[in-house]
Structure formats: C-alpha cells, structure tokens
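Notes to accompany the following structure.
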Amino acid sequence: MTGSNSNHAYELDSVTKVYGSGTTAVTALEEVDLEIASGELVAIVGSSGSGKSTLLQLLGGLDRPSAGRLALDGLEVGRAGDRELAAIRLRTIGFVFQQFNLIPTLTAAENVEVAAAPLGLDGSRLRDRAAAMLDRVGLADRAAHLPAELSGGEQQRVAIARSLVNEPEVLLADEPTGNLDSATGEQILGLLRDLWRESGMTIVLVTHDPSIAADSPRVIRLADGRIAGEDREPLTATVVR
Amino acid sequence: MFYIRYLGAELRRRKGRTILTATCLALGVGLVVSVTALSAGLDDAQSEVLEPLTGVGTEMSVARPMEIEEGGPPPDAGGGPIGLDNLGKAGEKFDTYQYVSTDTSFPAAKRKQVAAVDGVDATAVGLTLSVAHVSGRVPEQSGSGAAPATGAPPTGSATAGGPPDSINFETTTVSGVDTSDRDLGLLTASQITDGFYISGASDAVVSRSYATQEGLAVGDTVDVGGKDFEVVGISGGAVGGQSSDVYVELDRLQELADLEGRVNAVEVQAASADEVQAVSDRIESAFPGSEVTTASDLAEQVSGSLVDAENLSGKLGTALAIVALIGAFGITTLVTLSSVAKRTRELGTLKAIGWRQWLVVRQVAGESVVQGLIGGLLGVAVGLAAAAAIGAAGISLDASLESASSGGIPGPAGVGGPPGADAATSVASTVTLGAPVSPGMALLAIGLAVLGGLIAGVFGGIRAARLSPAEALRSLG
Ligand SMILES: Nc1ncnc2c1ncn2[C@@H]1O[C@H](COP(=O)(O)OP(=O)(O)OP(=O)(O)O)[C@@H](O)[C@H]1O
Ligand SMILES: [Mg+2]
C-alpha cells in the first residue's frame, strides 16, 4: 500500500461508482475524494438519490468502486477478493440498517450471536458475549424475545448490539433513525454517541435529519454523487475522546 | 452449535414452509415405499407361486409336440377315434381305456442324444398320457330323446343331446416315471409330502389335488388302465408344470398304453443356470422336432390375477412413483426458491455482517436437507402404514399355468366331456398379498427424500450465493 497516514481509517481517491451499463448506466458517485480519520464521527447528508447509501456500501466493503481507490486501514477494497471482504466485514466493520434487518426467526440474543458465529467461538463464550452486548444497549431483559415482540427502538438496539459484538473499528449506519419516531431516534443517536465516546470507534452515519447532522462534529454533504460541501467543528474530531 | 440452532429456529418458526415441503416429500417417498413394498410383495408371491409351477431354474423339459400338418389321429391314441359306434351294439355293456397325448412319443433311446448335448448334466425320461376311462351301456342311436331330459346339459352336438346317464367318462392324467433318478424327472423324491416314493411295479403316487378329489389316502388303491395300484405316496408340488394325477413306473404305463420303449418327455438338468438357454437351443437343434420348455418359459405362461397385479405394479406403480417423486422434488425446489427470494434481505444481511458465501449457502441448503430428512421419515411412516393396510386387506392373488406338454384330452366325439375333465391340465396356486418394507427400502426412501431436499438446497443455495451483500441496504422487501 501507498504510505498512508495510520490516522486515517478511510482514504478515498477519485472514487466513482456506476450502476448498470450503456444507456441505463447510473453514476451514483463521481470522483469522490475523502479522508476519514480513525475515531471520527461523520454524518453524511444529501437529498434522496444523491449517493449516500452507495458511499456507505463502498465504505462497508459490500461493493467495490467502479473506478478510483478506496482504502480501509491501508487495504485497498477494490482489489480485495470476496473472502477477504467478508473477513473485513466480519472483524473490522459493524453495520446498522434503517430497517434493523434482524433475523425474524431468531431471538434478540441469537440475533447478536449471528454476527459472531463465524468466529468459531464455543457456545458459552458466544452466548456470554451476546449477553454482554445486549446488556450494553439496555436490553438484557429482552434477550429471549423475537424481533416481532420488540418495539422499533428495541429492535434497533439489538441491531446495534449485533454490530458491536465483534468490536469493530468502524461502525456504519444508514439512516439508523429513519424508521423510528423522533424521541426514540434521539435515544438511539444518544446511544451511538455514547458508544463513540467510550470506544473510539470510527462512526459514519447517513441521515436525512438536519438536527442529527447539526450535532455531528463533521458533516459531509452529497449532491448528485459528488461532495458538495463539508462542515467541520475542527476541535471535536481530535479532542473528543 | 449456533448454525444448528439457527436451522432449527428457521424450521420451527417457519412452520408452513417446513410442513409443506416435508409433506410433499413424505407423500412422494411414501408412494415410492408403498409401490416398492407392493412389488416386493408381488415378487415374493410370484416366487412362492412359481416355484411349484415351474420348478428349479436349471431344469427343463424336452417334448415333441404333435405336428398339426400330419393330420389324422395322433399315433399314440391307442384306440382310434372314440365314438360310441365303436363300442358295440346298442344296449351292450362296455368298459374301455383310451390313452392320449398331445406330445408325440419317441423311443426312449433318444435320451442318449439329449444327454450327449453339451451342458447337460443329467437326464430322465417320462411318459405322460391322459387316460380316458369310458364305461357304460351303448345307447340307442335313434337320435330320439331316449335319455331323461333332466340334468342333460345342452351341447353343440347334433347327434346326441348329451351324455346319457348310462355312460361314465373319466379322465386321469398318468405319468410313467423313470424311477432310477429320484432327483430328476416327472416325479422327484422332494415332491413327496406324504408316504413314500414309487419303489415297486404296483406302487402309485397321486397328486394332492387328485387325492382330495377322489378321497384317496396312502394305502388306498387307485385304478390305472384297469389295473389296481397301491397309493404309496402323495405328491405336493407340480414341478415343471407337469401335474399328473397319478404317477406309476414308466414300464408299467408303457405296457398299459401299448407304448413299450417309448416316452414323450426327457427331463434335463443343465450343468449351470447361466447355460439354460444355450443348452435349450442346442437340444432343439440336436433333436429335430423337439421343443424345450425351461422354467423361465413356464414363468412367462403363468397367468392370473398375480400376473395382472405384477404388470400393473410394474408399469403403473413405477410410473406413479416417478411422477410423484418428480412432483415432490419440484414443489420442494420451488418452495425453497421462493423462500430464498423472500429472505433476500435476511440473507443479504448475513453477508453484510461478515458471513462468507459458503456459510450462507450451507445454511440454506442445510435447511432443505433437514426438511428432506423429516419428509423421508414421515414418508417411511406413510409407506409403512400403506404396506400394513395392504397386508391387512388380505388380498389373495392366483396364478395358473396351462400345462403345455401333459396331454389334455378333448371331449370324445359324440360324448360331451364331463365338466372339469380338463381341470387337471392346468396348475393353479393362490397366495395372499403382503407388502414387506425392508430396512434397506426405508433407508432408500429417506435417502431419496434427502436427495430431494439436497436438490432444492442446491438451487436455493445457488440463488442465495448470487445475492449481493448490498441487498441488506435495499429499503424495499
Ligand atoms: N443497485 C443499483 N442499481 C442501479 N442503480 C442504483 C443501485 N443502487 C443505487 N442506484 C442509483 O444510484 C443513485 C444513488 O443511490 P443511493 O441509494 O446511493 O442514494 P441515497 O442517497 O442513499 O438515496 P436515499 O436517501 O433515497 O436512500 C440513485 O440514482 C439510485 O437510483
Ligand atoms: Mg439510501
């Protein structure tokens, strides 16, 4: 890898993402240059279709750029194989989705275990870890409930516990409050901020909500697949720990 | 293990899908078990029925069927055409025996020719004749209704209204047995179920059916061609389709029928079962005019409800089972594919949170295989129940073999044959149908259901493998 700054979790260099080909080709991201330092909390905003989710997918190793270079901890995602990307997603990245994406047939505890299962831990260690995570998000008493038996906020807490169970370096959240009422959304954001302060994780969250963006130390605005602007509170990223 | 808990949760909490696929596979496989059990039951029934009818696989029988082209009366028919005119003047008493066979007799020395054929292990000669015993009083030839009308069955005969009461007509099939070899020939020692084998000139063995019909037992006397023989034994089976009523020494029958030194059958034991057909062909070419009947030839001639049932189970049953199995596999695969489609986001999420491709595919395929296993176990239960029902129904099947070589005698001209006169020329056997399910069959059924699950799992797995981890972020679904 090129001698990258070890403080940088992400380095994006002219990253372009094109979906489809020929006349139906859609350019979702165009020549995006971006650096995200390790331990930063970044909010990505922009109108619908501006490319926020696309950017998050690339950051999460769910997809590869069509052109340009995207490095995570110095490793170039575009050149990694499927297995390598899966391993990165398993150990380095945690995902939180707008629709929670819990497995409907598994209990809250099992939904947390599901993320750690590929590590090959033995049963009791796996259970202990999941229980500790549920406890951390305040849902220890709901461990045996199925997702359908939980409220939206509770489901998102389970999803956050799942994203944290492997102690990732990066947490990626795509509109984590989009399916919640504003009070619940506030609680979830509060939880994410607490986690960020405690752990020093890098968090990138996509949001529509201007108030969330206003509370974030760094805000990146996307428009038509390009970075249209950036607001930064210069001190926060480095000082808050 | 987590993956197994997950699998169990999927099967338990998506009951509809689990029940649907398991039931489909259970019905398909249950039908296969039922059909296979039925066909095994029919096979058992067939061997139970056929062995006494056709004999041991290496045995065959050489005969010379009468050639129709020669015309005229069969050379062996001792007394010429049977007509009441020949018996004497009207009102005179008569008592006569006629010896008839549809097989041409040949010198017993021909046996050497057969014995010399390659692959022939042992031979025995025999003579089987229908002995017709006609006795009574010669009726008036006026053609008027002299006989009492009662009980006279109408016949096609223009000259007589039916057999007059004064005439007795009895047909008995008699075999002259080469007693030097008790293991081969028209009567073998193993066929004796009561008493002993023939050991003297006045000894006779009677078949069980004849003994029952005539009320004979060991120690009684039986009349053959006007001579008394002592019943020394009862024969059970009817090997080779030869089902004579009475067996006596060959010499004695030859003497009675005026056929000294002549026989009409050579029983052959082939050296090996694989060679039966080749030996049969060689004998037919070495011995012009001869016809060899093997056990498998006889098996082909067997008729009756057993054969119909076998044909039905063989064709319809197999077709039905295959269709049901393909249907079950198809439905299982479609249900699995639709389930994968419904779970796009769930499976995409697994990939997004770091499950490798293989883990996701294995999970999807594993669910299908376990459903197959459940379906297989249920299917075996269904099959066992169906088999038990077949057994409980107590269906009886019969098989009969028209005896080609023993001489059936047609009703003599001018005399209507008594009912049942030709009953002795066919051998019949009845068995109760069972449907045994062997452990191997049950395992095969479970294996088939698991295979069905595996096929569905492969298709479902391929579809799951194609899913992008980015599916997890799609807002719809
Ligand atoms: N898989 C895909 N195939 C084709 N086009 C796609 C695909 N995913 C996204 N796009 C297109 O790329 C563009 C950016 O989409 P993206 O989902 O990143 O927007 P977004 O900013 O997340 O929007 P929203 O706020 O509605 O979620 C859109 O025009 C979209 O139609
Ligand atoms: Mg989006």
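Lettering follows sequence order; numbering is per chain, from 1.
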### Message
Counting C-beta onward and ignoring hydrogens, is there a side-chain heavy-atom pair between A/L192 and A/W196 closer than 4.5 Å?
### Response
no
### Query
Counting heavy-atom pairs under 4.5 Å to chain B, which of A/D82, A/D174, A/V114 comes out on top?
A/V114
### Message
Is A/R127 close to chain B through its backbone or its side chain, or both, or neither, when contacts mean heavy atoms under 4.5 Å?
### Response
side chain
### Query
For A/V18 and A/V26, what are the C-alpha separation, side-chain angles and deciding distance, and is it a side chain to side chain contact (heavy atoms under 4.5 Å, CB included)?
CA-CA 5 Å; A/V18 181; A/V26 176; over 6 Å; no
### Task
Indicate the atoms forming the closest heavy-atom contact of B/G453 with B/S368, along with that distance.
O-CB, 3.1 Å
#### Entry: Heavy-atom pairs under 4.5 Å with chain B, option from A/N166, A/L121, A/N101, A/L102 with the top count
A/N101
#### Entry: A/V204 and A/I220, any side-chain heavy atoms less than 4.5 Å apart
no
### Task
Answer with side chain, backbone, both or neither: which region of A/L146 has an atom nearer than 4.5 Å to a non-hydrogen atom of chain B?
side chain
### Query
Any ion pair linking B/R17 and B/E10 (charged N to carboxylate O, less than 4.0 Å)?
yes
### Task
Between chain B and each of A/L106, A/I93, A/D63, count heavy-atom pairs under 4.5 Å; write down the option with the most.
A/L106
### Message
Heavy-atom pairs under 4.5 Å with chain A - which of B/R12, B/R343, B/R5 has more of them than the others?
### Response
B/R5
### Query
Between B/F2 and B/Y6, what is the ring plane arrangement, given parallel below 30°, perpendicular above 60°, and tilted in between?
tilted
### Task
Would you mind checking which part of B/I353 comes under 4.5 Å of any heavy atom in chain A, side chain (CB onward), backbone (N, CA, C, O), both or neither?
both
### Message
For the interface with chain A, which of B/S468, B/A470, B/G354, B/A9 has the highest count of heavy-atom pairs at distances below 4.5 Å?
### Response
B/G354
### Expected output: side-chain A/K52 to main-chain A/G46 donor-acceptor under 3.5 Å
yes
### Task
Mind ranking A/T107, A/I88, A/I103, A/T92 by heavy-atom pairs under 4.5 Å with chain B and telling me who comes out on top?
A/I103
